[in-house]
Each structure stands twice: as structure tokens, then as C-alpha cells.
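Below: one structure, written as C-alpha cells.
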Amino acid sequence: TLLAVAGLLLFPASGDLLTMFVALEVFSLPLYLLCGLARRRRLLSQEAALKYFLLGAFSSAFFLYGTALLYGYSGTTDLTGIADAISREPNGPVLVLTGTALLSVGLLFKVGAVPFHSWIPDVYQGAPTSVTAFMSAATKVAAFGAMLRIFSVALPDLKDDWRPMLWAVAILTMMVGAILAVTQSDAKRMLAYSSVAHVGFVLTGVIAANRAGISSILFYLVAYGFTALGAFALVGLVRDSRGEVGDLSRWAGMGRRSPIFAITFAVLLLAMAGIPLTSGFVSKFAVFQAAV
């Protein structure tokens, strides 16, 4: 866990693509292991860890190939150096656009945006709930921090090229996450698809590419991080003799049995939905205001 936290701290703080890649691996490898540590339902947990490992390794290769192409174009992996090279030739040649697209694949996988979201429900359901809570909050914060560094420091002159791509991804992510969350019968899978939908909202702030967008994203990530931690912590408390109970049909009557639990969980869900007077409403309003 400490190794994963170290990598997550280094990932958005890096000013160099190679350092960023090393940080990506430093936090990814421990997470692959943590996903397979469930004491109950071991097969489901190990399957989740294997899926995450295979898809994560694939996305890391995209990130590294994108880094190689940007290095080939600019002669440096430093973010400001890449920005200087692009500013001298702002038309966006094929090499730098391809490198940007490949980097985006690696980053969008880590945040769980559509169409790179397929691992999220399986991994969130199979991993121990404490690990799921940690991943849902910390990994998104780190990955969006790195995305902001790359798009706002290294590639601001190419925003006319990457904005349409991110718009399409953001709209798809919001729609797919929201629609599939409604159809789930397992609490962790429902929250997993909800986290996918939230990625679409945060991407709206990235697309704004201004100071208001950056500040609204940071507020959104803090608000969502605490909400997700709380929601998954409460899901981990619903148990029977065989362990956690994820099936929503067995949650019936929770308000009568545990009114404090039910009220707390309801407030967290209202915040995720963006109901006025909650942190979710303020953060959603902020990212849309920045985009507009």
C-alpha cells in the first residue's frame, strides 16, 4: 500500500514523461497484487487481479509508445521541452498527434473512461472492498493530476486537436456510466459504473483548459474522493455469516434495521447524483461553468 501511495504521489508531480511512466508502474504493480488479496471469494478476487494486470500492462505499453513518439518529435521527454518544440511548429504534425493519442489511451485507461472502462466493474467487484475504496479515490486523483500536467503543460498548443477527442470520450463516458449503473444488481458494480460516469464530468473540466477548469477539477476530485471512500466503506459493513453482501435485493429493509447507516448511505448517493446543497452539486456546477 505504501509503495502504491508513493507512486500515486509521484505520478502527477512528475515534470518528465519517463519519470511519469516509472511512477505509473510503481503504483500499478502493487495495486494488481492488492486486488487479489481477498480472503473470501478468492477466485473472483484473483480473476479481477489478472484482468487488471493484463489490461494495465497493455495500457502502459500505449503510454510508453506515446512517450517514445513525443521524444522522437521533440528530442526530450521533459514536459516544458515538448511544449517549446510544439510551439515552434504549432500545426501538429502526424508524429506528435499520434504520440498524444497513445498517451491519452494510457491515461484514459487509468481514470476508467469509455471505451477503456471494461476493467472497472470487474476489478471493483472482485477486489477487497478496502482496496476498491482506495483505488476509486486515489487512482483517479493521481491519473487526472497527470492528465492535467500533460495537457496543460506539454500540449496546450494542440488543444484544438485533442479537445474534440476528449469531448467525445466525456459524453460517451457520462452516458454509458449512468445507463449501466442503473441496471446493476450488485452494490460495488453500481458504484463502479457511477465512478465511470463521474470521470466524464471531470473530463469536462479538462476540456476547459483554463484556470477555472483546473481549480474545479481539483475540487471535484476532493469531493468525489471522500464520497467514494465513504460509500465503499459502508458497502463493506453490510455482511452476513459468509462475508460481505453485495446483492442489492438483500439490502431491502436496511432503513428499518440500521437507520443511521441508511441515512448516511443515502446522503452519499445524493452527493454523487449532484443534488443541490451537496458537494457533488457544487463540483458539477464548477466543471460545467468552466467548460461553458
When you compare the side chains of Ser60 and Glu25, does any donor N or O come within less than 3.5 Å of an acceptor on the partner?
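On atom types as modelled, these side chains qualify, holding a pair under 3.5 Å.
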Can you tell me if Thr204 and Lys284 form a side-chain donor-acceptor pair at under 3.5 Å?
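No.
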Set of side-chain contact (heavy atoms from CB on, under 4.5 Å) partners for Leu237, sequence neighbours left out
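So Leu237 forms a side-chain contact (heavy atoms from CB on, under 4.5 Å) with Leu234, Phe261.
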Residues Asp78, Thr76; criterion side chain to side chain donor-acceptor pair (under 3.5 Å); working and verdict:
CA-CA 5 Å; Asp78 183 71; Thr76 179; 5.3 Å; no
When hydrophobic residues are tied together by side-chain contacts of less than 4.5 Å, even through go-betweens, does Phe232 share a cluster with Leu37?
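In one cluster: yes.
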Any chain of hydrophobic side-chain contacts (each under 4.5 Å) joining Leu203 to Trp167?
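Same cluster: Leu203 reaches Trp167 through Ile, Leu, Val, Met, Phe, Trp or Tyr contacts under 4.5 Å.
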Between [X] (side chain only) and [Y] (backbone N and O only), is there a donor and an acceptor less than 3.5 Å apart?
{"X": "Thr278", "Y": "Gly274", "value": "no"}
{"X": "Ser194", "Y": "Met190", "value": "no"}
{"X": "Trp162", "Y": "Leu155", "value": "yes"}
{"X": "Ser14", "Y": "Asp16", "value": "no"}

What is the ring orientation for Trp119 with Tyr52, classed by angle as parallel under 30°, tilted 30 to 60°, or perpendicular over 60°?
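Rings of Trp119 and Tyr52: parallel, as their planes differ by under 30°.
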Set of residues satisfying side-chain hydrogen bond (donor to acceptor under 3.5 Å, both in side chains) with respect to [X], sequence neighbours excluded:
{"X": "Thr129", "answer": "Lys188, Glu244"}
{"X": "Asp84", "answer": "none"}
{"X": "Tyr124", "answer": "Lys140"}

For the student: nearest non-hydrogen atoms of Ala143 and Phe11, plus distance
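What the structure gives for the nearest pair is CA-CE2, 3.8 Å.
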I need the minimum non-hydrogen distance between Ala142 and Pro12, along with the two atoms involved.
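The answer is O-CB, 3.8 Å.
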Count the heavy atoms belonging to other residues, nucleotides or ligands that lie under 6.0 Å from CZ of Arg256, then report whether that count exceeds 12.
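Not more than 12 within 6.0 Å, no.
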Tell me, which pairs form a salt bridge (charged side-chain N to carboxylate O under 4.0 Å, His left out) where one or both residues lie in residues 114-131, sequence neighbours left out?
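Found Lys51-Asp122, Asp122-Arg189.
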Which residues share a ring-ring contact (aromatic ring centres under 6.0 Å, His included) with Phe53, sequence neighbours left out
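By the ring-ring contact (aromatic ring centres under 6.0 Å, His included) rule, Phe53 matches Tyr32.
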In this structure, which one of Thr173, Val111, Val176 forms a side chain to side chain contact (heavy atoms under 4.5 Å, CB included) with His117?
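Exactly one pass, corresponding to Val176.
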